[in-house]
Peer 1: 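Questions regarding the structure given below will be posed in turn.
All values below were derived from every heavy atom in this structure, side-chain atoms included, with hydrogens, water molecules and symmetry-related copies excluded.
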Amino acid sequence: MSISADNNTSNGYFKVIRTFTDNSDYGKAEARAFLNENRLEIAAVSDKAFTADRIGVELSYDYLPDDKIFVNGFQSWTDSREYSAGEKMYAPSLLAKAVFNSALGKKKGLDNAGDRGIASVARKKGLFYGISYGYVRRGSVVDLFGSLSERSGYTVIEFDVGRNTVTLTVDVKGKLISAGTTVITSVVRINDEYDKAFDGYFRAMGIKPVKRDILNGYTTWYNYYGNIDSKIVERDLAAISKLDCKVDIFQIDDGYQADIGDWLNRKEDKFPEGMKELAQKIHSRNMLAGLWLAPFAAGKNSFIGKRHPDWLLKDESGRPLTAGANWGGFYALDIYNAEARAYIEKVFRTVLFDWGYDLVKLDFLYCAALVPLHGKSRGEIMCDAVDLLRECCKDKLILGCGVPLAPAFGKFDYCRIGPDLGLKWGKNRMDTREGVSTSHAILNSVFRRHLNNRAFGNDPDVFLLRDKNIKLTESEKNTVSVINKLCGSVLFTSDNIQEYSDDKIKHIGRIFDKNSWKLLEADICGNRLSVIYEAEGEKRRLDTEIY
């Protein structure tokens, strides 16, 4: 039996301090919370339709000094980790934030991959926030707060140790909310052992365990980046196929297409035989063929970007919106435009059912939902975008990337859960929270491990063992490979295997071996990450400095 929660209403799971709406265009609209055991519904109540920026609930919560607090970042690449209760959340430098917020930074879309416009939380000790779900951990028990759907809007979960509160806020900007009582989202609270808590969370969402085969394989990106051709592809394909262990997939990444968005037009001088023929050559090696796409992106000089400006998302002045700075800046498609949608569908029909690729890595997906439009919030648009991709790909494999994670739960086969791996260890404080970082990739892999085989198969990004074109030490390379093995279902390298020493051949065989390793415990104190795990019949410990 639900009860309406006014200020200071509580049950055994939630104690409501206040409810609120921000920037409502109708003064009589109000937020209300309904409590039903471990579920809290955030609702809007009004006698006529209205819009608002945020609707939320503030709860009382008693923290302890030794609590660890996990915050889930906005999308695949965003840093996500546990913090001690007295720590301060990671943030780019003040100079970097000034650059992001400058007129030039906004014009170039430098910070558009993050939660700009969704979360606005002060950075101070003891104050943490994440998107969709988060938890407070005491020993082996977690107290998890999780949204059951982001279809009405992204849910921001704020843990304030100093004020002893948890605040749940839904970003409903742009959404037209109907008259009457409208449930905006439901949040569950589950207090249990780590794995049991996440089992309960996904069960509450109605998502059955998404168990996928572990994929061992190769991607072209992290050695050649966009500078690839068919000779490189065929050489590295031949090299990796000589390994004694099973190699499941060979993926061609960015660089084959004429421009971002022009996916069906290849660079003919570099790929003269065509992409269908390359898929056939990969299949002849008894591997799945994978291909990279950014299906909602359009380069500023692309054919579709120039020929079809009506397909593009627009800024407030009506000009095409710059979705990010990659490739010299790129635009994003409006997935509700009928012609743009038909083009997206055609791309997938061609790549998957004509060319014959078995898996598509779909990147920069956040850009579909940069701004509210058509009476929908950003969260609702992202959910629609994910549904479109699943519909287009049918039973072919999807590896998502650069995507807000909750909309992808149960929809994608595999998904990146961390930023791009760097060729060196540390994080550039002049970059965004989504920027390239090996150390942040390690943290995300460890602290998002609960998503593996529940939401999708985790892709922790590549491990690299080579000696050329890399600045990682041997110890750092080993750490990345071990963490990926423990936390991932996608184990990719980008190395030319023919350059490996005998020791490296042996090591990649251990990582690609189908015998599972198990992560038992993980903790971070300051900058030191400690992981205890079982591998090859024995218990082991890995300690590493993160920054």
Peer 1: Is there a donor-acceptor pair closer than 3.5 Å between any side-chain N or O of Lys485 and the backbone N or O of Asp513?
Peer 2: yes
Peer 1: Indicate yes or no: does Glu545 engage Arg528 in a salt bridge with an N to O separation below 4.0 Å.
Peer 2: yes
Peer 1: Would you say the side-chain atoms of Asp254 pair up with the backbone N or O of Trp292, donor to acceptor, closer than 3.5 Å?
Peer 2: no
Peer 1: Counting heavy atoms not belonging to Leu94, are there more than 12 under 6.0 Å from its CG?
Peer 2: no
Peer 1: Decide yes or no on salt bridge (charged side-chain N to carboxylate O under 4.0 Å, His left out) for Arg151 and Asp387, but give the supporting numbers first.
Peer 2: CA-CA 11 Å; Arg151 191 161 288 278; Asp387 288 346; 2.8 Å; yes
Peer 1: I need the Asn444 CG to Ser437 OG distance, nearest 0.5 Å.
Peer 2: 8.5 Å
Peer 1: So, taking the atom named CZ in Arg510 and the one named SG in Cys245, what distance separates them when rounded to the nearest 0.5 Å?
Peer 2: 12.5 Å
Peer 1: So Ile442 and Trp425, do their side chains get closer than 4.5 Å, heavy atoms only?
Peer 2: yes
Peer 1: Answer with yes or no after comparing the ring centroid distance for His440 and Tyr90 against a 6.0 Å cut-off, counting only values under it.
Peer 2: yes
Peer 1: Between Asn469 and Asn223 (side chain of the first, backbone of the second, donor and acceptor by atom type, cut-off under 3.5 Å), is there such a pair?
Peer 2: yes
Peer 1: Ignoring hydrogens and geometry beyond distance, is a side-chain donor-acceptor pair present between Tyr222 and Asp461 at under 3.5 Å?
Peer 2: yes
Peer 1: Should Arg163 and Leu127 count as side-chain neighbours, where that means a heavy-atom distance under 4.5 Å?
Peer 2: no
Peer 1: Under 30°, 30 to 60°, or over 60°: which ring-plane class applies to Tyr533 and Trp517, parallel, tilted or perpendicular?
Peer 2: parallel
Peer 1: Do Phe412 and Leu399 have side chains that approach each other closer than 4.5 Å (heavy atoms only, starting at C-beta)?
Peer 2: no
Peer 1: Distance only, no hydrogens: is a donor on one side chain within 3.5 Å (strictly under) of an acceptor on the other, for Arg448 and Ser80?
Peer 2: yes
Peer 1: Which heavy-atom pair separates Tyr366 from Gly324 by the least distance, and what is that distance?
Peer 2: OH-CA, 4.3 Å
Peer 1: Is there a donor-acceptor pair closer than 3.5 Å between any side-chain N or O of Asn496 and the backbone N or O of Asp236?
Peer 2: no
Peer 1: So how far is it from Ser439 OG to Arg81 CZ, rounded to the nearest 0.5 Å?
Peer 2: 10.0 Å
Peer 1: Does atom NZ of Lys471 have more than 12 heavy-atom neighbours, drawn from other residues, nucleotides or ligands, at distances under 6.0 Å?
Peer 2: no
Peer 1: Thinking salt bridges, do Arg378 and Asp115 make one under a 4.0 Å N-O criterion?
Peer 2: no
Peer 1: Using modelled atom types and a 3.5 Å cut-off, is there a donor and acceptor pairing between side-chain atoms of Thr544 and backbone atoms of Leu529?
Peer 2: no
Peer 1: Arg137 pairs by salt bridge (Lys or Arg N to Asp or Glu O under 4.0 Å) with which of Asp67, Asp143, Asp523?
Peer 2: Asp523
Peer 1: Please state whether the rings of Tyr135 and Phe70 are parallel, tilted or perpendicular, taking 30° and 60° as the class boundaries.
Peer 2: parallel
Peer 1: Taking Arg433 for the side chain and Thr78 for the main chain, is one N or O donor matched with an acceptor at less than 3.5 Å?
Peer 2: no
Peer 1: Quick one: does Ser93's side chain have a donor or acceptor within less than 3.5 Å of a partner on Ala96's backbone?
Peer 2: yes
Peer 1: Ring centres under 6.0 Å, that's the criterion: do Tyr194 and Phe198 meet it?
Peer 2: yes
Peer 1: So that I can tick it off, tell me whether Lys504 and Asp467 are bridged by a salt bridge, with the cut-off set at under 4.0 angstrom between side-chain N and carboxylate O.
Peer 2: yes
Peer 1: Between Ile282 and Leu237, is there a side-chain heavy-atom distance shorter than 4.5 Å?
Peer 2: yes
Peer 1: Pairing donors with acceptors under 3.5 angstrom, does anything connect the side chains of Arg449 and Asn458?
Peer 2: no
Peer 1: Is there a side chain to side chain contact (heavy atoms under 4.5 Å, CB included) between Glu536 and Asn515? Walk through the geometry before answering.
Peer 2: CA-CA 8 Å; Glu536 299 167 323; Asn515 291 330; over 6 Å; no
Peer 1: Rounded to the nearest 0.5 Å, what separates atom CZ in Arg39 from atom CD in Glu37?
Peer 2: 10.0 Å
Peer 1: For the pair Asn527 (side chain) and Ile546 (backbone), establish whether a donor and an acceptor sit closer than 3.5 Å, ignoring hydrogens and angles.
Peer 2: no
Peer 1: Is there a side-chain contact between Val403 and Cys415, using heavy atoms and a 4.5 Å cut-off?
Peer 2: yes
Peer 1: Give a yes or no on whether a salt bridge exists between Asp244 and Lys506, defined as a side-chain N under 4.0 angstrom from a carboxylate O.
Peer 2: no
Peer 1: For side chain to side chain contact (heavy atoms under 4.5 Å, CB included), just list the numbers for Leu59 and Leu168, CA-CA rounded to whole Å, side-chain angles, deciding distance to a tenth of an Å, and then say yes or no.
Peer 2: CA-CA 8 Å; Leu59 310 171; Leu168 312 170; 3.9 Å; yes
Peer 1: Would you please classify the geometry between the Tyr218 ring and the Phe250 ring as parallel, tilted or perpendicular, with 30° and 60° separating the classes?
Peer 2: parallel
Peer 1: May I ask you to check whether over 12 heavy atoms, not counting those of Lys88, lie within 6.0 Å of atom NZ?
Peer 2: no
Peer 1: Is a side-chain N or O of Lys477 found less than 3.5 angstrom from the main chain of Arg466, in a donor-acceptor match?
Peer 2: yes
Peer 1: With heavy-atom distances below 4.5 Å as the criterion, would you say the side chains of Asp248 and Asp213 are in contact?
Peer 2: no
Peer 1: Between CG of Asn216 and CE of Met287, what distance do you get to the nearest 0.5 Å?
Peer 2: 10.5 Å
Peer 1: For Lys424, I'd like to know if atom NZ has over 12 heavy atoms of other residues, nucleotides or ligands within 6.0 Å.
Peer 2: no
Peer 1: Looking only at heavy atoms, what is the nearest atom pair of Gly134 and Ile157, with distance?
Peer 2: N-CD1, 4.0 Å
Peer 1: Do you know which two heavy atoms are closest between Gly422 and Leu472, and how far apart they sit?
Peer 2: O-CD1, 4.1 Å
Peer 1: Under the ring-ring contact (aromatic ring centres under 6.0 Å, His included) rule, what do Phe74 and Tyr154 come out as? Steps first, then yes or no, please.
Peer 2: CA-CA 9 Å; Phe74 172 61; Tyr154 293 120; 5.2 Å; yes
Peer 1: Is Thr167 close to Tyr129 at the side-chain level, that is, under 4.5 Å between some pair of heavy atoms?
Peer 2: no
Peer 1: Using the ring pair (Phe, Tyr, Trp, His ring centres under 6.0 Å) definition, which of the options Phe202, Tyr133, Phe409, Phe456 pairs with His450?
Peer 2: Tyr133
Peer 1: Minimum heavy-atom separation for Ser445 and Asn484, please, with both atom names.
Peer 2: OG-OD1, 4.4 Å
Peer 1: Using 0.5 Å steps for rounding, measure from the OG1 atom of Thr169 to the CD1 atom of Ile55.
Peer 2: 10.5 Å
Peer 1: Determine whether a donor-acceptor pair (N or O, by modelled atom type, separation under 3.5 Å) exists between the side chain of Gln75 and the backbone of Ala113.
Peer 2: yes
Peer 1: Would you check, one step at a time, whether the test salt bridge (charged side-chain N to carboxylate O under 4.0 Å, His left out) holds for Asp459 with Arg212?
Peer 2: CA-CA 11 Å; Asp459 174 14; Arg212 293 291 181 265; over 6 Å; no
Peer 1: Identify the two heavy atoms, one from Val446 and one from Cys487, that lie closest to each other, and give their separation to 0.1 Å.
Peer 2: CA-SG, 4.0 Å
Peer 1: Does atom CG of Asp543 have more than 12 heavy-atom neighbours, drawn from other residues, nucleotides or ligands, at distances under 6.0 Å?
Peer 2: yes
Peer 1: Under 3.5 Å, is there a donor on one side chain and an acceptor on the other for Ser132 and Asn72?
Peer 2: no
Peer 1: Is any side-chain heavy atom of Leu35 closer than 4.5 Å to one of Tyr13?
Peer 2: no
Peer 1: After noting the C-alpha distance and the side-chain angles of Ile398 and Lys411, does the key distance pass the side chain to side chain contact (heavy atoms under 4.5 Å, CB included) rule?
Peer 2: CA-CA 9 Å; Ile398 296 176; Lys411 301 292 181 69; over 6 Å; no
Peer 1: Angle between ring planes, Phe330 versus Trp327, binned at 30° and 60°: parallel, tilted or perpendicular?
Peer 2: perpendicular
